[in-house]
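To start, the structure under review is shown below, and the notes come after it.
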Amino acid sequence: MNEREWNSNLETISLKPMTEEMFYSYFKEYENDPDLYFEGQEYTPYEYSDEKVAKYIQRQKDLNRVILAIMSDDEIVGEIIIKNIEEGKCATMGLALKNASYKDQGIGTAAEKLAVRYVFDELDIPVLYADTIKKNTRSQHVLEKVGFTLINEDEDFYYYSIER
């Protein structure tokens with residue numbers, strides 16, 4: 001992505017590569033989303049620690065993932081994860097907002113549109129996948145709004161794709 005940012009129609013939303021410093025800042029205000037837990041799964045609030053963040057950063061590196069910060073002006077409000085990257089073929093996208101205060105503002109939609117463009121144009125990957133747990137209707141709505149098509153489901157998840 002080089003150091004250039006990708007800007008959205010919401011002029012304040014952009015994506016840029018997440019640095020180690022940015023990860024620490026982001027996770028200091030991160031909160032688990034209780035809407036994303038499976039039925040019967042116990043909700044556990046996220047507790048920040050430098051060690052936890054360091055392990056998270058290392059895991060992303062080990063798995064060769066691309067992590068993009070979702071920026072609202074100069075504030076990190078979420079992250080886009082591009083994973084399961086098969087060069088020239090496909091990848092899978094995930095999105096997390098820092099906490100519930102950023103929901104229902106169009107941030108996720110703007111960020112996903114930017115991420116799709118980034119994957120297609122910068123990574124030169126023609127197919128992008130995403131999945132969401134079945135009870136996360138907000139995520140399903142955003143994926144469909146961005147242009148993803150439902151391609152499969154299982155007991156817990158819906159699976160989507162979008163092609164260049």
Side-chain angles (χ1 to χ4, degrees), residues 1 6 8-10 13-15 17-18 23 26-27 29-47 52 55-72 76-164:
M1 187 172 211
W6 285 72
S8 72
N9 293 340
L10 283 177
I13 303 301
S14 62
L15 301 179
M18 184 83 91
F23 275 114
Y26 170 68
F27 280 108
E29 296 180 33
Y30 180 82
E31 295 175 8
N32 282 345
D33 187 342
D35 293 342
L36 303 183
Y37 280 73
F38 294 108
E39 292 298 322
Q41 186 180 24
E42 184 180 338
Y43 171 74
T44 307
Y46 174 78
E47 292 182 24
K52 240 187 239 185
K55 284 181 182 178
Y56 181 81
I57 293 167
Q58 189 57 53
R59 184 173 180 336
Q60 303 315 309
K61 288 178 182 177
D62 291 346
L63 293 172
N64 197 32
R65 293 177 170 177
V66 173
I67 312 296
L68 305 171
I70 302 170
M71 306 297 296
S72 179
I76 304 165
V77 298
E79 67 178 343
I80 294 277
I81 302 168
I82 309 299
K83 57 188 178 181
N84 305 326
I85 299 169
E86 293 183 41
E87 287 189 35
K89 294 181 182 176
C90 62
T92 303
M93 177 183 69
L95 177 146
L97 295 176
K98 185 165 39 177
N99 58 52
S101 70
Y102 298 100
K103 291 181 180 180
D104 299 321
Q105 298 178 38
I107 294 169
T109 301
E112 284 189 12
K113 285 179 181 178
L114 292 171
V116 167
R117 200 169 89 210
Y118 171 73
V119 168
F120 290 168
D121 297 347
E122 296 292 313
L123 298 181
D124 195 28
I125 293 174
V127 180
L128 183 60
Y129 297 105
D131 57 62
T132 179
I133 64 173
K134 284 190 169 180
K135 75 176 200 173
N136 190 352
T137 56
R138 180 180 279 117
S139 178
Q140 294 154 29
H141 173 72
V142 170
L143 287 167
E144 291 167 7
K145 196 166 146 181
V146 168
F148 281 81
T149 302
L150 179 65
I151 58 169
N152 202 359
E153 68 179 275
D154 62 24
E155 185 178 322
D156 298 316
F157 289 90
Y158 287 120
Y159 299 92
Y160 292 83
S161 73
I162 189 169
E163 295 184 22
R164 182 171 31 209

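Counting from 1, the numbers follow the sequence of the chain as shown.
- With sequence neighbours left out, Glu163 forms a salt bridge (charged side-chain N to carboxylate O under 4.0 Å, His left out) with no residue at all.
- Screening residues 137-152 for salt bridge (Lys or Arg N to Asp or Glu O under 4.0 Å) gives Asp35-Arg138, Asp104-Arg138 as the qualifying pairs, with residues at least two apart or on separate chains.
- Qualifying salt bridge (charged side-chain N to carboxylate O under 4.0 Å, His left out) partners for Glu29, counting only residues two or more places apart in sequence or in other chains: Lys98.
- Among all heavy-atom pairs drawn from Ile13 and Ala111, the shortest one is CG2-N, 4.3 Å.
- Annotation: ring pair (Phe, Tyr, Trp, His ring centres under 6.0 Å) contacts of Phe120 (sequence neighbours excluded): none.
- To the nearest 0.5 Å, atoms CZ (Arg117) and CG (Leu128) are separated by 14.0 Å.
- In this structure, the separation between OH on Tyr56 and CD1 on Ile67 is 5.0 Å, given to the nearest 0.5 Å.
- Annotation: side chain of Phe148 is in contact with side chain of Met93 (closest heavy-atom distance under 4.5 Å).
- Interatomic distance, Tyr160 OH to Glu153 CD, rounded to the nearest 0.5 Å: 9.0 Å.
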* Steps toward side-chain contact (heavy atoms from CB on, under 4.5 Å) verdict (Met71, Ile76) -> CA-CA 5 Å; Met71 306 297 296; Ile76 304 165; 3.6 Å; yes
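- For Tyr158, the ring pair (Phe, Tyr, Trp, His ring centres under 6.0 Å) test picks out no residue, with sequence neighbours left out.
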* To do: Would you check, one step at a time, whether the test side-chain contact (heavy atoms from CB on, under 4.5 Å) holds for Ile70 with Leu15?
  => CA-CA 5 Å; Ile70 302 170; Leu15 301 179; 3.8 Å; yes
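- Within 6.0 Å of the CD atom in Gln58, the count of heavy atoms belonging to other residues, nucleotides or ligands exceeds 12.
- Here the CG atom belonging to Leu97 is positioned 9.0 Å from the CD atom belonging to Gln105, to the nearest 0.5 angstrom.
- Residues satisfying the ring pair (Phe, Tyr, Trp, His ring centres under 6.0 Å) criterion with Tyr129, sequence neighbours excluded, are absent altogether.
- In this structure, Ile125 and Ile85 have side chains that are in contact, with non-hydrogen atoms separated by less than 4.5 Å.
- Ring orientation note: the planes of Tyr46 and Phe27 are tilted relative to one another, at an angle of 30° to 60°.
- Enclosure of atom NZ in Lys55 is not indicated, since only 12 or fewer non-hydrogen atoms of other residues, nucleotides or ligands lie within 6.0 angstrom.
- Residues Leu95 and Ile80 are in side-chain contact: their nearest non-hydrogen atoms beyond the backbone lie under 4.5 Å apart.
- The CD atom of Gln60 sits 5.5 Å away from the CD1 atom of Ile81 when rounded to the nearest 0.5 Å.
- Between the side chain of Gln140 and the backbone N or O of Ile133, at least one donor-acceptor pair lies under 3.5 Å.
- Using a 4.5 Å heavy-atom threshold, the side chains of Leu114 and Leu68 count as separate.
- The backbone N or O of Leu63 lies less than 3.5 Å from no partner atom in the side chain of Lys83, so there is not a single donor-acceptor pair.
- Side-chain contact between Asp154 and Tyr159: present, with at least one pair of heavy atoms (C-beta onward) separated by less than 4.5 Å.
- Side-chain N or O atoms of Asn32 include one that pairs as donor or acceptor with a backbone N or O of Thr44 at under 3.5 Å.
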